[in-house]
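Reading through the structure tokens given below for one structure.
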Amino acid sequence: MCAVTAMAILVTMTLALVRAMLGPTVFDRVLALNMFGTKTVLLICVVDFLLNRNDFLDLALLYSLMNFIGMVALLRFTEYGSFGGDRIR
């Protein structure tokens, strides 16, 4: 049953990548990449359950934090045109 779940997550990750490539706006692409990151965390958790290794959960938590920080940085860059310093308005 977990193998079916892992395959379903891989299919949705593929669809998210397709959406990221074909998205008409930047925000559609950002949303698709965020969904890809979330599905990656889910896949790591399913693999952790299948292999019965609890150390993968630490990797999933680290990846989710990196995904969140990356999305905030990307949205800030698309909104203001820079990552720091003076804001361009």
Side-chain angles (χ1 to χ4, degrees):
M1 188 65 180
C2 286
V4 174
T5 304
M7 290 303 294
I9 291 172
L10 286 172
V11 168
T12 58
M13 288 172 72
T14 304
L15 292 175
L17 282 179
V18 169
R19 183 64 181 170
M21 288 186 284
L22 299 177
T25 65
V26 173
F27 295 108
D28 288 332
R29 291 184 172 117
V30 167
L31 184 65
L33 289 176
N34 192 13
M35 187 174 82
F36 182 81
T38 303
K39 297 297 178 183
T40 303
V41 171
L42 286 173
L43 185 64
I44 291 171
C45 291
V46 169
V47 168
D48 173 67
F49 183 76
L50 285 174
L51 298 178
N52 198 17
R53 294 189 56 171
N54 292 331
D55 53 345
F56 282 178
L57 291 179
D58 295 334
L59 294 174
L61 181 63
L62 178 67
Y63 190 83
S64 65
L65 289 173
M66 289 174 34
N67 185 34
F68 174 73
I69 291 170
M71 286 298 122
V72 169
L74 183 63
L75 288 173
R76 180 179 171 103
F77 183 75
T78 57
E79 180 70 23
Y80 298 114
S82 67
F83 289 115
D86 296 332
R87 293 182 179 173
I88 300 170
R89 294 193 186 225

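Side-chain atoms are counted along with the backbone in the values below, which use heavy atoms only and exclude waters and symmetry mates.
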Item to check | Euclidean distance, Met7 CE relative to Leu43 CG, rounded to 0.5 Å | outcome: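 It is 10.5 Å, given to the nearest 0.5 Å.
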
Next on the checklist: Nearest 0.5 Å, please: how far is CE in Met35 from CG in Leu33?
Outcome noted: 10.0 Å

Compare every heavy atom of [Y] with every heavy atom of [X], then report the nearest pair and how far apart it is.
X: Gly23; Y: Asp28; result: CA-CB, 4.2 Å
X: Met13; Y: Lys39; result: CG-CB, 3.4 Å
X: Asn67; Y: Thr38; result: ND2-N, 3.8 Å
X: Cys45; Y: Ala60; result: SG-CB, 4.0 Å

Next on the checklist: Quick one, Val46 and Ile9 - any side-chain contact, counting heavy atoms below 4.5 Å?
Outcome noted: yes

Next on the checklist: Within the structure provided, determine whether Phe27 and Leu75 are in side-chain contact (heavy-atom separation under 4.5 Å).
Outcome noted: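 In short, these two side chains touch, coming nearer than 4.5 Å.
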
Next on the checklist: Is it the case that over 12 heavy atoms from other parts of the model lie below 6.0 angstrom from the CZ atom of Phe36?
Outcome noted: yes

Checklist entry - With a cut-off of 6.0 Å (strictly less than), are more than 12 heavy atoms of other residues, nucleotides or ligands near CG of Asp55? => result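 Yes, because the 6.0 Å sphere around CG of Asp55 holds more than 12 heavy atoms from other groups.
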
Would [X] and [Y] show up in the same hydrophobic cluster when neighbours are defined by side-chain heavy atoms closer than 4.5 Å?
X: Leu61; Y: Val41; value: no
X: Met71; Y: Leu62; value: no
X: Leu51; Y: Leu59; value: yes

